[in-house]
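In what follows, a structure is listed as structure tokens, so that the remarks can point back to it.
The sequence lines fix the lettering, A, B, ..., with proteins before strands; numbering per chain opens at 1.
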Amino acid sequence: MTVPVVDPDLVELAASVFADATDDNLWDTLEQTGLARLAVAEDAGGSGGSLLDLAAVLVEAGAAAAWAPLAETDLACRLAATAGLEVPAGPLTFALDAPLSVDRDTVSGTLARVPWGRSAAAVVALGGGSVVVLDPATATVVEGTNVAEEPRDTLTWSSAAATVAAAPDGAAAEFALRAALSRSLLLAGAARGALTRAVGYAGEREQFGRPIGRFQAIQQQLALAAAEVAAGGAAAESAARVVVRDGITAPTAELAVAAAKVRTGQAATEVARVAHQVHGAIGFTREHDLRLTTTRLWAWRDEDGTDGDWAQRIGDLTLAAGADGLWPLVTA
Amino acid sequence: MTQTLSRLPALTPPAAELPARAEALRAEVREFLSDERAAGAWTPRSDVWLSGWDEDFTRRLAARGWLGMTIPTEYGGHGASPLDRYVVTEELLAAGAPVAAHWVADRQIGPSLLRHGTEAQRRKYLPGIAAGEVYFGIGMSEPDSGSDLASVRSRATKVDGGWSLSGTKVWTSGGHHAHAFFALVRTSPPEEGKRHSGLSQLIVDLRADGVTIRPIPLLTGAHHFNEVVFDDAFVPDDMVLGEVGSGWGQVTGELAFERSGPERFLSTFPLLAALVGELSGADLGPAGRRELGSLVARLWALRRMSLAVAGSLASGQAPELAAAVVKDLGTRFENEIIDAARLLVSVPPDPGAEGGYARLLADAVLHAPGFTLRGGTNEVLRGIVARGLGLR
Ligand SMILES: Cc1cc2nc3c(=O)[nH]c(=O)nc-3n(C[C@H](O)[C@H](O)[C@H](O)COP(=O)(O)OP(=O)(O)OC[C@H]3O[C@@H](n4cnc5c(N)ncnc54)[C@H](O)[C@@H]3O)c2cc1C
């Protein structure tokens, strides 16, 4: 059976954009190349790519530790579209379980730890049965970060103007899954990025008169990390394929995405550990780039649902399936 | 401080999907297995592909057309795709069904004969394999040659019409029941600097004169391992597999089939299913649900990886690195199931129980050391991965 494939040129393009752009001009470059809204429909101002295209690009973004709200913008566009709302141009962000009070078209309340909140053109929030498009410029912003120093800001609005629409049924569950899937793909990429650095370093750094990568102890550690990268990558890629095949609301998609988030989270821990161990003290410094991927591994494994949260969800699905239902659950 | 990043090799083949036809087959296999269980034909066990020797069951599978599936019909097989076979094998293992009798023959001997065997060798063995009547062992390891397989010392000397074989093979699983195995032996001294040269695979009839089989009891006392001693055993010329001197390449090809299949992560699946059964009525707190869920996440990911490798094998590739990764992760996962089973349920393992949780746990605990050894140890597999990463 033929499986849908992603154009290798797209992956090459994304990799080169992430490698060449600076933090300051990355977003503009993403917009110029059509990557910024890759999987958003063309009539909604996007490039009309598939979810699998986006998945491949998110892996590259994670590997390069790209400084841009690529996943957030995609999710914000989708969330607004499900409620028939328009969004402005530029980088966007989103919030789920938003504790906002909506009074016709004014909104009040506080959203904590909004990714990239300070620099987004709009926040698309889902909560209390509504989808709301808010302007961060009308909010009080308290800047914060995750452990990778990515913006995670607290935004407070009081009676701010907003566009509001009813959220479709099931939107909260759907978008929790979509966010977890995107995060898994970023994690898979960051894990690969950290491993790539560690393997490269092991080939260059010499001690006892030879590259440390010649020592079997280092080889075995890197092989363990490679296995984790492989498992996390396969889980995230497969989850994206299940979502494309069965739709995000299918029970198979719930298990697949939860498994991908858990597996990439497990991989994050092991890969970051090995990558740092192999790098020695230099990797523990600010001037070394290893931290760009490892701090993201530590940050992202706990965002959009920790691996513990999603593992518990799978635990519940497993118990509901029972002894005889476990195998059918895993193979569905 | 930016270093230039070279690219890593692909660690897994692209994701594979099973064809709809294979899913229809899955439903048939499930129905068959549930009928068998309802009839009490066997009890689900851990590590069945080593220890569940049941020739009647093997013949019932053959009657359904589920052995030698990928062997062409002209040799008595079914001409099906390797992915169809994948579905059948994963269903059998998940059910804990007794598959040991045909395991080696169906998994690697059929494909090897098709690749390297003569027409006469294929006609001699393939129909019996597909019928569930002919069983094979694996004749690789020796007392002094384990991970360093190329150091085997069994040697075959040319005699009139064939070869005279002496030496000793060990750990031959099921060798006391099997009809034959492929022995990896030295047929000429290695060429200077080429230690893999001069090795050949001979098809040895395990009931022939000059072949002595003795049990090597496992730590449980069970008889699965054997020592096979050749004492000037005669192997006719027409029982050389492939080319004389090409044994090493052939064996490595055989190992590719051995390394990434569902048996590399499902050996203790029946225990996991029983664990879920034990926990279903219980009041499992969040920590326990997380433990269980994280195991199932690992299983889901492993199966997707293994399927991707199967898809790649089916399209004629030999993804050695990816297969090594699946086996390293999968065999450790088989052990993690035991850890979780002990953590979450307070039932001591009982090797004397007829079945049920305590027995599945006991078998898993007592068989666990083998998971990360057989078919190439995990350290050796990681060496393959390290080579793939360009480190050696
Ligand atoms: C259940 C079971 C069934 C088996 N069935 C068969 C069978 O049917 N036919 C058959 O031919 N064989 C069979 N084997 C044998 C199996 O292939 C060997 O056990 C395996 O190849 C390892 O060899 P060894 O046991 O001699 O260990 P050794 O090679 O002596 O290894 C001992 C330890 O040293 C480590 N080690 C060795 N070399 C290196 C290295 N270069 N770098 C790092 N670490 C190293 C190993 O990883 C291991 O931890 C079976 C084994 C088991 C456990």
Name the option with the most non-hydrogen atom pairs under 4.5 Å to chain A; the candidates are B/Glu291, B/Met305, B/Arg387. B/Met305
Among the options A/Ala226, A/Gly232, A/Gly325, pick out the one with the most heavy-atom pairs lying under 4.5 Å from chain B. A/Ala226
Chain B contact via A/Ala320 - side chain, backbone, both or neither, heavy atoms under 4.5 Å: neither
With chain B as the partner, which of A/Ala258, A/Ala234, A/Ala235, A/Ala15 has the greatest number of non-hydrogen pairs under 4.5 Å? A/Ala235
State, yes or no, whether a side-chain contact exists between B/Val276 and A/Trp327 at a heavy-atom distance under 4.5 Å. no
With a 4.5 angstrom heavy-atom cut-off, which part of A/Asp307 approaches chain B: side chain, backbone, both or neither? neither
Side chain, backbone, both or neither of A/Glu237 within contact of chain B (heavy atoms, under 4.5 Å): side chain
Look up atom CZ in B/Arg290 and atom CD1 in A/Ile314, then write down how far apart they are to the nearest 0.5 Å. 11.5 Å
B/Gly311, B/Gly383, B/Ser294: which one forms the most heavy-atom pairs within less than 4.5 Å of chain A? B/Ser294
At a 4.5 Å cut-off on heavy atoms, which part of B/Glu278 comes close to chain A: side chain, backbone, both, or neither? neither
Pair B/Glu17, A/Arg241 - check salt bridge (charged side-chain N to carboxylate O under 4.0 Å, His left out), show working. CA-CA 9 Å; B/Glu17 289 289 341; A/Arg241 287 185 182 275; over 6 Å; no
Heaviest contributor of heavy-atom pairs below 4.5 Å to chain A, chosen from B/Leu292, B/Val326, B/Val87, B/Asp328, is B/Leu292
Interatomic spacing from CG in B/Leu272 to OG1 in A/Thr318 - rounded to 0.5 Å: 8.0 Å
Picking from B/Leu391, B/Leu284, B/Asn378, which has the most non-hydrogen pairs under 4.5 angstrom with chain A? B/Leu391
May I ask you to test the B/Glu379-A/Gln220 pair for a side-chain heavy-atom distance under 4.5 Å? yes
Count the heavy-atom pairs under 4.5 Å between each of A/Ile218, A/Leu317, A/Asp316, A/Val262 and chain B, then report the option with the highest count. A/Asp316
Sort out for me which of B/Val325, B/Leu329, B/Thr12 touches chain A most, counting heavy-atom pairs under 4.5 Å. B/Leu329
Can you tell which part of A/Gln216 gets under 4.5 Å to a heavy atom of chain B, answering side chain, backbone, both or neither? neither
Any heavy-atom pair between the side chains of A/Leu224 and B/Val385 that's under 4.5 Å? no
With chain B as the partner, which of A/Ala236, A/Ala260, A/Ala231, A/Ala239 has the greatest number of non-hydrogen pairs under 4.5 Å? A/Ala231
Hey, what do you get for CZ (A/Arg263) to CZ (B/Arg304), rounding to the nearest 0.5 Å? 15.0 Å
Please identify, among A/Leu329, A/Val229, A/Asp309, the residue contributing the most non-hydrogen atom pairs under 4.5 Å to chain B. A/Asp309
Using non-hydrogen atoms and a 4.5 Å limit, figure out which bit of B/Leu93 sits close to chain A: side chain, backbone, both or neither. neither
The residue among B/Glu90, B/Arg303, B/Arg30, B/Glu23 that forms side chain to side chain donor-acceptor pair (under 3.5 Å) with A/Thr331 is B/Arg30
